[in-house]
2 protein chains.
Amino acid sequence: MGLVTAVESYSDSQVEMSKLAKAIAHPARIAILQLLTVNDCTCNEIVQQLPLAQSTVSQHLKELKKVNLIDGLEIPPRTIYVLNHEVYAKLQSVLNKFFNIS
Amino acid sequence: MGLVTAVESYSDSQVEMSKLAKAIAHPARIAILQLLTVNDCTCNEIVQQLPLAQSTVSQHLKELKKVNLIDGLEIPPRTIYVLNHEVYAKLQSVLNKFFNIS
DNA sequence: ATCAATTATCGTAATATTGCTATGAATATT
DNA sequence: AATATTCATAGCAATATTACGATAATTGAT
């Protein structure tokens, strides 16, 4: 990623925004979010919709969880993945704020 | 990135959106876009505002140009970088469309 | 008690990203 | 003509990302 000192010289909102952007910077993760927009899904249900191995999907879900765009309801042996509408809306508003400056 | 076959199984809009997201998935590139929102800038002017070497900034500019978020007006030995408001607005609308589905 | 189903994680490989220094190419200045 | 300015690119190193198969861990079913 780079030096720690470099990160410190960007504003919080710049760093936060770049992290959220990175979270949706892969078509699989966009596809996952779109699926979750329609229905809550287990990992397997997502695997069936994507051309990826289960472990890979699990990894992408982890990335989305890391920025709180989704939550995982653990009901073993399943985990039901759910959109975090709050953060989802926040990302929208952050992006809007950014683009409306122009 | 991965296999060519994998990319083909995502929709055009998913791929396009992920590419645009990737373009803004770094705080330096967000900072650059914000600078260009206020003023057209040469590479050097941007270098003076960021904690990065000239070559690194040049590379980030290249990334932004790749997705047409900015244009470079070459007036040697300078290049004046300018926001591409059209694509900028398009990214905004693409994101809005995406998020409003929820 | 076994076995199947589900998911997370580990280990690994291939590739991409990010950053730098050094350098080349083009133009302007002295 | 020599020098300075500006920018892009090449070359390189460190790290991150993306993908897979294999494997645990957990629960449900037989």
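All chains are named by letter (A, B, ...) in the order of the sequence lines, taking the proteins before the strands, and each is independently numbered beginning at 1. Quick note: numbers below take in every heavy atom, side chains included, and nothing from hydrogens, waters or symmetry partners.
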Open item on the list: Counting the atoms with a prime plus P, OP1 and OP2 as sugar-phosphate, which does B:Gln59 contact under 4.0 Å by heavy atoms, base, sugar-phosphate, or nothing?
Closed with: base
- [ ] Apply the side chain to side chain contact (heavy atoms under 4.5 Å, CB included) test between B:Ile70 and each candidate in B:Val87, B:Val82, B:Leu64; give the one that qualifies.
- [x] B:Leu64
- [ ] If the plane angle is over 60° it's perpendicular, under 30° parallel, otherwise tilted; pick one for B:His60 and B:His26.
- [x] tilted
Open item on the list: Is there a side-chain contact between B:Lys62 and the phosphate of D:dC7, meaning an N or O under 4.0 Å from OP1 or OP2?
Closed with: no
Task: Nearest-Å distance for atom pair NZ/C1', residues A:Lys66 and C:dT9 - done: 15 Å
Open item on the list: Keeping A:Ser18 on the side-chain end and A:Gln14 on the backbone end, is there a donor-acceptor pair under 3.5 Å?
Closed with: yes
TODO: Could you say whether A:Glu63 or B:Leu61 is positioned toward the 5' end of DNA chain D, judged by the nucleotide with the nearest heavy atom to each?
DONE: B:Leu61
Open item on the list: Nearest whole Å is fine: how far is D:dT6 C1' from B:Ile80 CD1?
Closed with: 12 Å
Open item on the list: Taking 4.0 Å as the cut-off, does a side-chain nitrogen or oxygen of A:Arg29 come that near to OP1 or OP2 on D:dT18?
Closed with: yes
- [ ] Kindly point out which of D:dT18, D:dT17, C:dA8 is positioned nearest to the side chain of A:Thr79?
- [x] C:dA8
Open item on the list: D:dC7, OP1 or OP2 - any side-chain N/O from B:Ser58 closer than 4.0 Å?
Closed with: no
Open item on the list: Closer than 3.5 angstrom, by distance alone: can the side chain of B:Thr37 be matched with the main-chain N or O of B:Leu33 as a donor-acceptor pair?
Closed with: yes
Open item on the list: Is the phosphate of D:dT17 approached by A:His60 (side-chain N or O, under 4.0 Å from OP1 or OP2)?
Closed with: no
Task: Single hit among A:Asn84, A:Leu83, A:Asp71 for side chain to side chain contact (heavy atoms under 4.5 Å, CB included) with A:Leu36 - done: A:Leu83
TODO: In whole angstrom, give the distance that lies between atom CG of B:Asn44 and atom P of C:dT27.
DONE: 18 Å
Open item on the list: I'd like to know if the side chain of A:Arg29 reaches the main chain of A:Ala23, judged simply by a donor and an acceptor atom lying under 3.5 Å from each other, with no hydrogens or angles considered.
Closed with: yes
Open item on the list: Please report the distance, rounded to the nearest Å, between CG in B:Leu50 and P in D:dC7.
Closed with: 14 Å
Task: B:Ile24 CD1 - C:dT17 P separation (whole Å) - done: 15 Å
Open item on the list: Please tell me if A:Thr56 has a side-chain N or O lying less than 4.0 Å from either OP1 or OP2 of D:dT18.
Closed with: no
Open item on the list: What is the distance, to the nearest angstrom, from the NZ atom on A:Lys22 to the P atom on C:dA16?
Closed with: 16 Å
Open item on the list: What is the separation between atom NZ on A:Lys19 and atom C1' on D:dT17, rounded to the nearest whole Å?
Closed with: 16 Å
- [ ] Would you mind telling me which of D:dT9, D:dC7, C:dA8 lies closest to the side-chain atoms of A:Tyr81?
- [x] C:dA8
Open item on the list: What does the B/S/- profile of nucleotides 22-30 of chain D look like, 5' to 3', with a 4.0 Å heavy-atom cutoff to protein?
Closed with: B---BS---
Task: Rounded distance (Å) that lies between atom P of C:dA16 and atom NE2 of A:His26 - done: 12 Å
Task: Salt-bridge contact B:Lys19-B:Glu16 (side-chain N to carboxylate O under 4.0 Å) - done: no
